[in-house]
Student: 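Sharing a structure here in structure tokens format.
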Protein chains: 2
Amino acid sequence: MKSDEIKEAALKYFTIHGYEGASLSIIAEEVGMKKQSIYSHFKGKDDLFLQVLRDAKETELSSKLQYFSKGDKKNPEKVLYGFLKLIINLFQQNEQLKFWLRMSFFPPAHLEKVIEQEVIDIEEKVQRVLERNFQDWINDKLIIGESAETPTYAFLGVVDSILLELVYGNDEKRLNDKLEASWTVFWRGISHH
Amino acid sequence: MKSDEIKEAALKYFTIHGYEGASLSIIAEEVGMKKQSIYSHFKGKDDLFLQVLRDAKETELSSKLQYFSKGDKKNPEKVLYGFLKLIINLFQQNEQLKFWLRMSFFPPAHLEKVIEQEVIDIEEKVQRVLERNFQDWINDKLIIGESAETPTYAFLGVVDSILLELVYGNDEKRLNDKLEASWTVFWRGISHH
DNA sequence: TTTACCCGAACGAACGGTCGTTAGTTATAC
DNA sequence: GTATAACTAACGACCGTTCGTTCGGGTAAA
């Protein structure tokens, strides 16, 4: 499918140069056509962008939710650490997560509202799943605390810090060091010991 | 000074729209002149951008280093939590930190190398100061651990997660909740108790 | 089997605009 | 009188987009 090739190239250049910095001509060139031909597949630049955005969103959301839908869940240490590893793998295996991050934090101004809603949607869903798990672990006395909110937010913070390191990402060793450090301190912070 | 006004406007639009999305004409318009007049003060767009970048870098670096140069330092809980509060204040009080963050993570492609070096420079300096403090606290048995590396990286992770929330930033309550959660878990993770 | 038509896909050409930049000119201030 | 800062005008390049056209493959009528 040609339109998939276009979206793939668009994803690449949107990620590297941002919305404004990515031109239809370089995207078209990447797939071996002229920029006018893109209009046979998409209504315009915005349409192309939003389709790429929604593809990226769906990939990220389904990957995360799928992770929590399987596994035995009775070992928070394994589940949570595994989730961090999942994030790293997702990021390193396909471009969509980096694109998604860039557009979440620095969206093209005229699409800010649309993007914000997509981001809120995905964020709420992930948070809800996490919170439910933490509540179970608290009830089973597998971790400390009363409300699930504190460990949920703290864990989301760890996820964010790893993501930031990945975006910044030119140093594999530093990434691993930060992961181990954040995880060690986080786990000590929520576990009985 | 007119060139300061130009830099101020440039900072604003570079932050909102990125390097490629910010045009010299809107920047000039903001200070009430034509875009050609900018060339009386700067060599071109890159020159303007790099001057704004270095101003932002210096502001951030000096703010952070200054924080650690004063205070009694014998109370890690106060020092570290105060640092997080400082970051939040810095971010909310001037645009430079947001600009700096945007350009650290998603630099204009043709200036990537220059920017990367500035980022590495600032990061190393902050990390070194932090690491020295953590080592002292470990030696004084004010926090747990052997090497200063783990708490340093973990704390930098907390800082990053707060920064991300600030960038994302449309929800003051959520910011405070995440700050409290991350801080609570982090402090429990490195303190005797 | 041929003919006529349709339609998606890609094209060249061109549109109005904006981009960053340069040259040359004018006004203001020391 | 000289320097500085702003201006007008214009440059070539590229932007996203639209138009009309062409080509090829399927479909239906002859």
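All of these numbers come straight from a predicted model, not from anything done at the bench. Proteins come first, then strands; the chains are lettered A, B, ... in the order of their sequence lines, and each starts at number 1.
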Student: Round to a whole Å and report the spacing from CG of A:Leu111 to C1' of D:dG16.
Tutor: 14 Å
Student: Quick one: does any side-chain atom of B:Tyr67 pair with a main-chain N or O of B:Phe83 as donor and acceptor, under 3.5 Å?
Tutor: yes
Student: Is the phosphate of D:dA5, meaning OP1 or OP2, less than 4.0 Å from a side-chain N or O of B:Ser37?
Tutor: no
Student: Rounded off to whole Å, could you give me the CE-to-P distance for the A:Met33 and D:dT22 pair?
Tutor: 20 Å
Student: For the side chain of B:Gln36, starting at C-beta, report the closest nucleotide among C:dA10, D:dA10, D:dT17.
Tutor: D:dA10
Student: For the pair B:Tyr168 and A:Phe105, name the ring-plane relationship: parallel under 30°, tilted 30 to 60°, perpendicular over 60°.
Tutor: perpendicular
Student: Without decimals, in angstroms, what is the distance between A:Phe42 CZ and C:dA10 C1'?
Tutor: 15 Å
Student: Looking at A:Lys73 and A:Asp136, is there a salt bridge between them, counting it only when a charged N and a carboxylate O are closer than 4.0 Å?
Tutor: no
Student: Indicate whether OP1 or OP2 belonging to D:dC15 is found under 4.0 Å from a side-chain N or O atom of A:Ser25.
Tutor: yes
Student: Nearest whole angstrom, please: distance from the C1' of C:dG17 to the CD1 of B:Ile26.
Tutor: 15 Å
Student: Does A:Ser40 put a side-chain nitrogen or oxygen below 4.0 Å from OP1 or OP2 of C:dG8?
Tutor: no
Student: For A:Met1 and C:dA10, what is the distance between atoms CE and P respectively, to the nearest whole Å?
Tutor: 11 Å
Student: Under 4.0 Å from OP1 or OP2 of D:dA6: is there any side-chain N or O of B:His41 that close?
Tutor: yes
Student: Pick base, sugar-phosphate or nothing for A:Ala28, based on heavy-atom distances below 4.0 Å to the nucleic acid.
Tutor: nothing
Student: Between B:Lys45 and C:dG20, is there a side-chain N or O to OP1/OP2 distance below 4.0 Å?
Tutor: yes
Student: Could you tell me if the ring centre of B:His110 sits under 6.0 Å from that of B:Tyr19?
Tutor: yes
Student: So which nucleotide from C:dC11, C:dA10, C:dT22 ends up closest to the side chain of B:Tyr39?
Tutor: C:dT22
Student: Please give, in whole Å, the distance from D:dG16 C1' to A:His17 NE2?
Tutor: 18 Å
Student: Between B:Lys34 (NZ) and C:dA23 (P), how many Å, whole number?
Tutor: 21 Å
Student: Separation of B:Phe14 atom CZ from C:dC19 atom P, in whole Å?
Tutor: 12 Å
Student: Which of the following nucleotides, D:dT8, C:dG20, D:dG16, is nearest to the side chain of A:Lys35?
Tutor: D:dG16
Student: Return yes if a side-chain donor-acceptor contact under 3.5 Å exists between A:Thr59 and A:Gln96, otherwise no.
Tutor: yes
